[in-house]
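Both counts, for ligands and for their atoms, begin at 1 and track the order of listing.
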Amino acid sequence: MANTSSYKAVQGTRDILPEDAPAWDFVERIVRETCERYGYQRIETPIFEETGVYARGVGEGTDIVEKEMYTFKDRGGTSLTLEPEVTAGVVRAYLEHGMHTLPQPVKLYTLRTPLFRYERPQKGRYREHHQFDCEALGEADPALDAEMIALLWEIYQRLGARDIVIQINSIGDRNCRPAYVQRLVDYYTPLKEDLCDDCKVRLVKNPLRLLDCKEERDQPKIAAAPKMADCLCEPCAEHFAAVRRHLDALGLPYTINPLLVRGLDYYTRTVFELAPEQGGRRQSAIGGGGRYDGLAELLGGRPTPGIGFGSGMERAIELLREQGVKLPEPAKPQVFIAALGAEAKIAAAVLAHDLRAGDLRVQMAFGERSLKAQMKAANNSGARWAVIIGSGELESGRFQVRDLAAPADAPEDEKQRAVARADVVAWLLAQCQP
Ligand code: HAM
């Protein structure tokens, strides 16, 4: 009978297996180090919140709220939602903990946050995914927008990614956007019959998202649609110009995409995305974000400007692998101890204990396996050294130590030697010095 369970991981979820874990740790380390350099501090919020945090924060008309949230009533009858994105929860925490009394901006990051969206699973799109996320609250300065974009860019540079492009846009604020949205509706209404089914709904519910349609037949309509950039009010236009001046001064390679709109309703002014480009074609985003100056108010707080981004960790790792970036692998043991017989196994356990106390990575054989099987396990483990303990070694007080990395044609006395039991720890520690 095959040794499998009748259960499988839920569709759209994935296990992070031991061979993948070091790559995740690597991404986390780079994110942590880079964020700290930019003055960010770590925060982690619960993975569920009252549903209103997202329904109000992310917006009723968005795909996330309308179709993708994992919402349930707990046993007390409260409607809860598994976190579909980080920002609303972080803003809720900022307000709840009175962080407006701290020096502003308050700069926060999260790592490996599990997020849940009931999307159609495909490569790079999961029902549980993880993000690292940065948020800076309490400051509207365009310099902060540029710094935020620079931070996302730098993280990917430090991860070793190549051929990625930054796109930016300004989608205005509550003063200028309504007039733009009306212009968009006026432009699209006569074209309504010719729109894809999704766009027919967007025209009524969330006209800005008309610009985000991927259907081939709607592309010419998008290209000819009025652009937000032509409708920005003066403060928004000035803000956007200042963001660009900062980005230019920092030498960041960005392009303005006048059609860039984001899938969450809380954005105002600057929005941006980072995506790999292949053969001139932009792939799906590895990170995205923007300013959300109205979000704190939506959650019942005082007006508090904010800006941030989220970046998918699965997508980051997939991209690095596709680009051939060498990612760390699981650490191999330095020493493998093979033992034959009950007494030898006790000696092996004590030796492993002593070597580990000296900071070496050590494995020993378990069970009643032949020496041949144990040596095979030693070789498979990737260890450099094998120690062999049998009744002969116990009697002579000298353990056999074998160099598993020695060339096959090396003389046998170079491959393997006897080391006095009392000296084995010191001898191996000396060999394994970095
Ligand atoms: P978002 O664009 O929805 O923005 O997600 C950010 C990133 O998360 C995406 O660029 C993508 O890399 C990854 N991502 C999103 N959904 C999935 C999925 N189903 N499977 C795998 N990866 C995914 C936000 O979530 C905003 N909260 C970002 C933000 C922070 N804006 C301001 N602050």
Side-chain angles (χ1 to χ4, degrees), residues 10-14 16 27 31 35 40 43 45 49 53-54 57-59 62-65 67-70 82-94 105-137 144-145 148-149 151-152 155-156 159 161 164-168 171 209 212 260-276 282-296 298 304-320:
V10 173
Q11 201 194 3
T13 69
R14 301 194 318 168
I16 300 171
V27 172
V31 172
C35 282
Y40 282 72
I43 185 171
T45 57
E49 298 272 354
V53 170
Y54 305 114
V58 175
T62 59
D63 282 355
I64 291 183
V65 174
K67 307 186 211 155
E68 297 173 0
M69 293 202 308
Y70 283 85
L82 297 185
E83 205 175 4
E85 65 102 41
V86 177
T87 317
V90 168
V91 174
R92 194 266 312 136
Y94 172 95
V106 174
K107 293 169 151 188
L108 304 167
Y109 75 98
T110 76
L111 264 184
R112 206 191 279 211
T113 309
L115 300 173
F116 304 89
R117 299 183 187 178
Y118 193 80
E119 300 201 75
R120 196 160 351 118
Q122 49 184 282
K123 182 174 171 287
R125 191 172 296 284
Y126 308 106
R127 290 189 174 163
E128 183 200 42
H129 76 281
H130 300 76
Q131 287 183 16
F132 58 88
D133 178 284
C134 295
E135 310 290 351
L137 289 130
L144 186 59
D145 302 41
M148 187 61 79
I149 295 168
L151 170 56
L152 178 59
I155 288 171
Y156 275 91
L159 287 172
I164 43 178
V165 292
I166 308 169
Q167 295 198 334
I168 65 166
I171 57 165
R209 297 289 289 168
D212 210 23
L260 181 66
V261 287
R262 305 251 315 124
L264 301 89
D265 274 357
Y266 49 58
Y267 290 113
T268 49
R269 296 188 162 176
T270 315
V271 290
F272 57 94
E273 278 185 3
L274 199 69
R282 188 169 167 263
Q283 314 287 299
S284 51
I286 43 177
R291 192 161 265 297
Y292 46 84
D293 294 343
L295 176 53
L298 286 174
T304 311
I307 180 162
F309 66 75
S311 182
M313 298 191 63
E314 287 82 357
R315 286 194 197 175
I317 291 166
E318 279 160 22
L319 175 75
L320 297 175

Nearest protein heavy atom with distance in Å, relative to atom 20 (N) of ligand 1: Y126 N, 2.9 Å

Nearest non-hydrogen partners of A161 and I164, listed with the distance: CB-CD1, 4.2 Å

Side-chain H-bond candidate by donor/acceptor type, E135 with T87, under 3.5 Å: yes

Student check: side-chain heavy atoms of E273 and L260 closer than 4.5 Å: yes

Heteroatom proximity flag, G312 to ligand 1, N/O under 3.5 Å: yes

Close aromatic pair by centroid cut-off 6.0 Å: Y109 and Y40: no

Close N or O approach (Y292, ligand 1; < 3.5 Å): no

pair E83-T45: side-chain heavy atoms closer than 4.5 Å: yes

Structural part of F272 in contact with ligand 1, heavy atom criterion under 4.0 angstrom: neither

Atom 31 (N) of ligand 1: nearest protein contact (heavy atom, Å): Y267 OH, 2.6 Å

For G288, atoms of ligand 1 separated by under 4.0 Å from a heavy atom: 10 (O), 28 (C), 29 (C)

Residue part near ligand 1, for I64, under 4.0 Å between non-hydrogen atoms: neither

Protein contact to atom 21 (C) of ligand 1 [nearest heavy atom, distance to 0.1 Å]: G124 O, 3.2 Å

E314-ligand 1 polar pair, N/O distance under 3.5 Å: no

Backbone or side-chain N or O of L264 under 3.5 Å from ligand 1 N or O: no

Protein heavy-atom partner closest to atom 11 (C) of ligand 1 - residue, atom, separation in Å: R315 NH1, 3.5 Å

Shortest protein contact, atom 5 (O) of ligand 1 (heavy atom only): Q131 NE2, 3.3 Å

Nitrogen or oxygen atoms of S311 and ligand 1 under 3.5 Å apart: no

Side chain to side chain contact (heavy atoms under 4.5 Å, CB included) partner of T270, the single match among D145, L144, I171: D145

Numbering as shown, the atoms of ligand 1 that approach D133 to under 4.0 Å (heavy-atom distance): 30 (C)

Protein contact to atom 25 (O) of ligand 1 [nearest heavy atom, distance to 0.1 Å]: R117 NH2, 3.0 Å

Expected output: side-chain T110 to main-chain T113 donor-acceptor under 3.5 Å: no

Mutual orientation of the aromatic rings belonging to F116 and Y70 [parallel < 30°, tilted 30-60°, perpendicular > 60°]: perpendicular

Minimal non-hydrogen separation, P114 against E128, with atom names: CB-OE2, 3.6 Å

Min N/O separation V86 to ligand 1 under 3.5 Å: no

Minimum-distance protein heavy atom relative to atom 19 (N) of ligand 1: E119 OE2, 2.6 Å

For ligand 1, the portion of R262 having any non-hydrogen atom under 4.0 Å away: side chain

Y126 and Q11 side chains, donor-acceptor separation under 3.5 Å: no

Electrostatic pair K67:E119 at N-O distance under 4.0 angstrom: no

Atom 7 (C) of ligand 1 [closest protein heavy-atom partner, distance rounded to 0.1 Å]: G310 O, 3.6 Å

Short N-O contact, R14 and E314, less than 4.0 angstrom: no

Region of E273 engaging ligand 1 - heavy atom pairs below 4.0 Å: neither

